[in-house]
Amino acid sequence: MKIYDITQELFTCSVFPGDPQPERIVQMKIKDGDICNLTAFKMCAHNGTHVDAPFHFIDDGKTIDEVGLNKFIGYAYVASHEGELTAKDAESILDKARLADESYDTGDDHAYNRILVRGNAVVTEGAAKVFADAEILLFGNESQTVGPEDSPMAVHHIMLGAEIVLLEGIRLSEVKDGVYFLNAAPINLGGADGAPCRAVLIEK
């Protein structure tokens, strides 16, 4: 069994333009005579590798603690793509994911329900609608946002409106296309619009 850590290190992570950089605060140090080393930190819920809940863009949407863990944990399909991801591209990725899923004994939990895109991809509104119509559970990408960085609202509205959770800021450079078991469970932040997570892929 091989485990891939697809999470950014928090204090050196990429952040969305305008978001605060995570800050490490040393509270206690053994070297200074304290009884232990103790770290506090300050961050945005969307720093580094994180998940978006519907509440992020939809005021009456589910908060992160209201989203079922089944969306974040289960089989996933990794697909490579560079540049604009169109509706046709999204349909092709879903077709490949369904075909690959048939080669695995995934039971009732299918890899095509969770799509992770490897590369510098930008999701278009057309692609977002394809994923929404397919009723996938989770979509993940390497960028700090889904959709164009300068205008992310429309894509977020389509996907979060369909209750697709978004896993943003993952790192897939060491991962080949194919089926994996994903665990991207978020920290349980009551009432929050998103949360950091430690995302891993397990190779069957």
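Just so it is clear, the structure is predicted and the values come from calculations on it, not from any experiment.
The nearest pair of heavy atoms linking Asn70 to Arg114 is O-NH2, 2.6 Å. Summarising the geometry of Ile64 relative to Ala195, their closest heavy-atom pair is CG1-CB, 4.0 Å, with the distance given to 0.1 Å. Residue Ala128 comes nearest to Val155 through the heavy atom pair CB-CG1, 4.0 Å, listed as atom of the first residue, atom of the second, then distance. Ala192 and Ala53 get closest at one heavy-atom pair: O-CB, 4.4 Å. Taking each heavy atom of Pro17 and Glu149 in turn, the nearest pair found is CG-OE2, 3.4 Å. Taking every heavy atom of both residues into account, Gln144 and Val15 meet most closely at CG-C, 4.1 Å.
Looking only at side-chain heavy atoms (C-beta outward), Asn120 and Glu142 stay at 4.5 Å or farther from each other. Taking 4.5 Å as the limit, some side-chain heavy atom of Tyr180 sits within range of a side-chain heavy atom of Tyr4. Considering only heavy atoms from C-beta on, Leu85 comes within 4.5 Å of Phe131 through its side chain. Put simply, the side chain of Val117 reaches to within 4.5 Å of the side chain of Ile115, judged on heavy atoms. You'll find the side chain of Arg24 reaches within 4.5 Å of the side chain of Val26, heavy atoms only. Between Pro22 and Phe41, every side-chain heavy-atom pair lies at or beyond the 4.5 Å cut-off. Leu167 places a side-chain heavy atom less than 4.5 Å from the side chain of Thr49. The closest side-chain heavy-atom distance from Leu201 to Glu203 is not below 4.5 Å.
Environment of CG in Asp32: crowded, with over 12 heavy atoms of neighbouring residues, nucleotides or ligands closer than 6.0 Å. Within a 6.0 Å sphere centred on CD1 of Ile35, other residues, nucleotides and ligands contribute 12 heavy atoms or fewer. The local environment of CD in Glu174 is sparse, with at most 12 non-hydrogen atoms from other residues, nucleotides or ligands closer than 6.0 Å. Counting heavy-atom neighbours within 6.0 Å of Glu135 CD, excluding the residue itself, gives a total of 12 or less.
To the nearest 0.5 angstrom, Lys88 atom NZ is 13.0 Å from Ile93 atom CD1. Here CD of Glu125 is found 5.0 Å from CD1 of Ile158. Values are rounded to the nearest 0.5 Å. Taking SG of Cys36 as the reference point, atom CD1 of Ile30 lies at 6.5 Å (rounded to 0.5 Å). Distance check, rounded to the nearest 0.5 Å: CD1 of Ile164 to CZ of Phe139 gives 9.0 Å.
Proximity of a side-chain donor or acceptor of His157 to a complementary backbone N or O of Met153 within less than 3.5 Å is not detected. Between the side chain of Asp193 and the backbone N or O of Phe55, no donor-acceptor pair lies under 3.5 Å. Panel note: side chain Gln8, backbone Ser14; a donor-acceptor pair is recorded below 3.5 Å. One N or O on the side chain of Asp101 and one on the backbone of Ala111 form a donor-acceptor pair closer than 3.5 Å. Formation of a donor-acceptor pair under 3.5 Å by the Glu84 side chain with backbone atoms of Val123 is not found in this model. Using modelled atom types, no side-chain atom of Gln21 and backbone atom of Glu23 make a donor-acceptor pair closer than 3.5 Å. Arg118 contributes no side-chain N or O that, together with a main-chain N or O of Asp177, makes up a donor-acceptor pair within less than 3.5 Å. Side-chain atoms of Asn47 come within 3.5 Å of backbone N or O of Pro20 as a donor-acceptor pair. A donor-acceptor pair under 3.5 Å is formed between the side chain of Asn183 and the backbone N or O of Ala185. Side chain of Lys71 to backbone of Glu163: a donor-acceptor contact under 3.5 angstrom is found.
Side-chain contact, Thr86 with Asp89: a donor N or O sits under 3.5 Å from an acceptor N or O.
Cluster annotation: Ile6 is not connected to Leu10 through the hydrophobic network of ILVMFWY side chains, with a link wherever side-chain heavy atoms come within less than 4.5 Å. There is a path of hydrophobic side-chain contacts, each under 4.5 Å, that joins Val165 to Met159. Follow the hydrophobic side-chain contacts under 4.5 Å out from Met28 and you never reach Phe11; the two are in separate clusters. Ile202 and Leu137 sit in two unconnected hydrophobic clusters of ILVMFWY residues. Membership requires side-chain heavy atoms under 4.5 Å apart, directly or through other members. Leu172 and Phe72 fall within a single hydrophobic cluster, where Ile, Leu, Val, Met, Phe, Trp and Tyr side chains are chained together by heavy-atom contacts under 4.5 Å.
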Requested in this report: Start with the C-alpha distance between Ser143 and Val122, add both sets of side-chain angles, then the distance that settles side chain to side chain contact (heavy atoms under 4.5 Å, CB included), and finish with yes or no.
Outcome: CA-CA 8 Å; Ser143 171; Val122 178; over 6 Å; no

Query raised in the report: Between Asn141 and Glu168, does a side chain to side chain contact (heavy atoms under 4.5 Å, CB included) hold up when you go through it step by step?
Result: CA-CA 5 Å; Asn141 65 312; Glu168 298 172 329; 3.7 Å; yes

Report task. Go through the steps for Tyr77 and His110 under the test side chain to side chain contact (heavy atoms under 4.5 Å, CB included), then give the verdict. Result -> CA-CA 9 Å; Tyr77 182 74; His110 299 290; over 6 Å; no

Query raised in the report: Please walk me through it: do Asp52 and Val146 pass side chain to side chain contact (heavy atoms under 4.5 Å, CB included)?
Result: CA-CA 10 Å; Asp52 289 358; Val146 170; over 6 Å; no

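Partners of His46 under the ring pair (Phe, Tyr, Trp, His ring centres under 6.0 Å) rule, at least two apart in sequence or in another chain, are His50, His56.
Just one residue in the list Val200, Leu138, Ile73 forms a side-chain contact (heavy atoms from CB on, under 4.5 Å) with Leu182, and that residue is Leu138.
Under the 4.0 Å criterion applied to side-chain N and carboxylate O atoms, Asp95 and Arg98 are assigned as salt-bridge partners. Here Asp5 pairs with Arg198 in a salt bridge; the nearest charged N to carboxylate O distance falls below 4.0 Å.
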